[in-house]
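Order of listing sets the numbers, starting from 1, for every ligand and every atom in it. Basis for what follows: all heavy atoms, side chains included, without hydrogens, waters or symmetry-related copies. Since this is a predicted model, take the numbers as computed values, not measurements.
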Amino acid sequence: MRFLSQAEGRRRMSCAGLRMSSLMCMALSLAATITSALPQSYHASPKDGWLNLTVIHTNDVHSRVDPANDFGVSCSSQDIATGHCYGGTARHKTVIERLRGSNKHSLLLDGGDEFQGTLFYTYYKGNVTAEVMNELGYDLGTIGNHEWDNGPENLGRYWPKLKFPIVCANVDLEKYPELEKWVKPYHIFEDLGIAVIGYITNTTGDISNAGPNIAFTDPIPAVQKYVDELEAKGIKRIFGLSHNGYGPDMELAANTHGIDLIVGGHSHSYLGDPANPLYEGPYPTVIKNLKGENTLIVQAFCWGRYIGHLDVVFNPEGTIVSWEGAPILVENSIPADDRLLDRIDGWRKEFEEWGQTVLGVATDAFDQNSCKQRECTMGNLVADAMLEHARTPIYATAAIEEDAEDKGSVRPWTDLAFINSGGIRSGLPAGNVTIEMIMTTSPFGNGLVQTQMTGEEILSMLEAVSAGRYKKSQKQVTSNIQVSGLRYMFDSSRPLEEPHLIKAEVQGYDKEWREIKKRKLYWVVTLDFLLTGGDNILERKEGRREIKLGLLDSVLMDYIENRGRISPYLDGRIRNVASGTDEEDEWTGNNAKRFKIPPVWPVAAPEHLKTKYPGGVEEMLRDYIRLREARSEHRVPMKPMFEDLESKQEVWA
Ligand SMILES: *[C@@H]1O[C@H](CO)[C@@H](O)[C@H](O)[C@H]1NC(C)=O
Ligand SMILES: *[C@@H]1O[C@H](CO)[C@@H](O)[C@H](O)[C@H]1NC(C)=O
Ligand SMILES: *[C@@H]1O[C@H](CO)[C@@H](O)[C@H](O)[C@H]1NC(C)=O
Ligand SMILES: *[C@@H]1O[C@H](CO)[C@@H](O)[C@H](O)[C@H]1NC(C)=O
């Protein structure tokens, strides 16, 4: 078996790379040797004596049921041929069974975020994930922020399907009793004398779809409370199972005591070989806790590319005295488990049939070829869909229906949307639009994120996109953008050192265009990929407030399905005055023509609007303006909402 020898090659005493004296390292190796001299007590009762345990772990698999390439996307034949295809749950089964076979005592743990990232997930909403995890025989799991993607109700359908418990000590599910019964703070493996406490990042409320009725508290006091409770019960071997991220886990380890090992997730951290470009820290990372004892931390990247594997030896006092292990790269050469593969193929068949589902009709072809150079019809479709999704509060919090009055304040109004043209992979032919076509357009499993940017940041991004690079850092921008709710004008023929951007405006919900103000804060919606520095479109910035919305592919599907018919159009939102085709350097003339109010309702207009306003669009607009005026007389004046940062924050944030 090639993979076992590979794995063996990676195994080494983990002292290397740690801040630990070689003497201490020797002492640990010695402790490991002593262990084998005491097989008697080990065999007699793993609960009280020495215990050798194999910890097998995964995190952030993100529904990569099938193998994925370097970018986490389904492998092409070229990826496979060049050895850039990894993971896949049928291979996981092979690796896990091998590891289990090597030790009488093992635990298979998952650090959360099994959900989201592939259409397999979008289609099955966790059904397949549950089946696969049961088949792999997980002993325990915790909750990730993405487990909330389809709202709390979906977890009420998902958790009962699992054949293993879920632990999380710092989530308050009091308002969801039907969910609360599936989650406990910790689980005790009686036969091993081991307790595992689960916890999740306390930012989950801000970054997930859990909604306002579920609270996530600081994990540090929550975990310590349960450690104390377990120690009082006489349990000495205590693990954390975390979806809190590598950095915060180190902080938690240093600020608690009594935890022997943390199996982590959330930050997608590869710990292990320093020569690996993904390297973030040693495997395990050893932190001195509040009592000066060791707390070990492990994590295994994401997408199921690695299976975490740590062998630990407990002495009778419940202390880990030695360890050995490294994450195992799940290479393409590892044989897949046939039975599981057959089942996955069956699910895939059903899923592919779903791919032929017709979402709507394109009256004309949507062009993607020109997206890299200019405003394109496919770009407008995608950016419009993103903006509409972000502006529809129902998508943000599943719990919103319970508190309808609060709708406006649940999530801030979104000013504009932008996406890298490189994120739009194909156009659409005229005729039926199927789910498969959308999957081809948006194959990366990218999610939408709503976040805040200052006007200055937006202008500097538009300048960089127009000039092709950031002037200060000289970083090359590797894709242009497609936008909605925003229009800008630039001159690509100017010398590199000169400003290229001429003008940029955003459209308020009163439909008026206003110039972007440097000091104002804007809410934007874009892809998670861009916020982490993708295509160098944004300069990285710590501490942005980010609200995660849906996946781009499902957002597009919803948009087309809701409309039924879609038509390609350009409206001059991105104008390069150097290109010769656009001679005017003002929008007004063109827009007057473009925004001409149609005398009757367009065929594709929503039925409820046609019924409500038989007089057509003009009647609707008159009503809208009347409403606006009435509002400004009796209530908060509308204008300051756009012009004044303070009042905008108050109303929407
Ligand atoms: C326990 O683990 C240690 C260190 O890996 C090893 O030397 C010893 O043989 C193991 N004992 C048993 C009973 O497997
Ligand atoms: C998921 O499972 C539930 C039953 O547990 C079933 O009703 C539903 O149709 C399944 N969804 C899909 C897409 O298979
Ligand atoms: C979240 O947890 C961190 C420690 O992990 C703590 O520093 C911070 O204060 C907590 N924030 C909230 C709002 O509880
Ligand atoms: C388009 O889809 C509809 C069903 O939604 C189907 O009846 C029709 O035959 C399809 N047209 C073509 C050209 O495939």
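- For atom 7 (O) of ligand 3, the nearest protein heavy atom (residue, atom name, distance) is Glu251 OE2, 4.0 Å.
- Cation-pi contact between Arg237 and Phe239: absent, since separation from the ring centre below 6.0 Å together with deviation from the ring axis within 45° is not met.
- Atom numbering of ligand 2 starts at 1 in the shown order; those under 4.0 Å from a heavy atom of Tyr123 are 13 (C).
- Not a single protein heavy atom sits closer than 4.0 Å to atom 9 (O) of ligand 4.
- Ligand-side atoms of ligand 2 in range of Asn127: 1 (C), 2 (O), 3 (C), 8 (C), 10 (C), 11 (N), 12 (C), 14 (O), range being under 4.0 angstrom from any heavy atom.
- Ion pairing between a basic and an acidic side chain is recognised when a charged N comes within 4.0 Å of a carboxylate O; Arg348 and Asp345 show such pairing.
- Within the 4.0 Å heavy-atom shell around ligand 3 one does not find Pro248.
- Glu135 and Lys93 are joined by a salt bridge, as a carboxylate oxygen and a charged side-chain nitrogen come within less than 4.0 angstrom of each other.
- Among protein heavy atoms, atom 2 (O) of ligand 3 sits closest to Asn202 ND2, 2.4 Å.
- Ring geometry for Tyr124 versus Trp347: interplanar angle over 60°, hence perpendicular rather than tilted (30 to 60°).
- Between Phe164 and Tyr138, the ring-plane angle classifies as tilted under the 30° and 60° cut-offs.
- Between Glu178 and Glu153 the shortest side-chain heavy-atom distance does not fall below 4.5 Å.
- A donor-acceptor contact shorter than 3.5 Å is absent between the side chain of Asn432 and the backbone of Val361.
- For Tyr306 and Tyr270, the gap between ring centers is short of 6.0 Å.
- Counting protein heavy atoms under 4.0 angstrom from atom 14 (O) of ligand 4 gives one or more.
- Of all atoms in ligand 3, listed by their number and element, those nearer than 4.0 Å to a heavy atom of Pro219 are 2 (O), 5 (O).
- Listed by number with element, the atoms of ligand 4 under 4.0 angstrom from any heavy atom of Val358 are 2 (O), 5 (O).
- For atom 1 (C) of ligand 4, the nearest non-hydrogen atom of the protein is Asn432 ND2, 1.5 Å.
- Remark: distances from the non-hydrogen atoms of Lys161 to ligand 2 include one below 4.0 Å.
- Nearest protein neighbour of atom 5 (O) of ligand 3, counting heavy atoms only, is Asp218 OD1, 3.5 Å.
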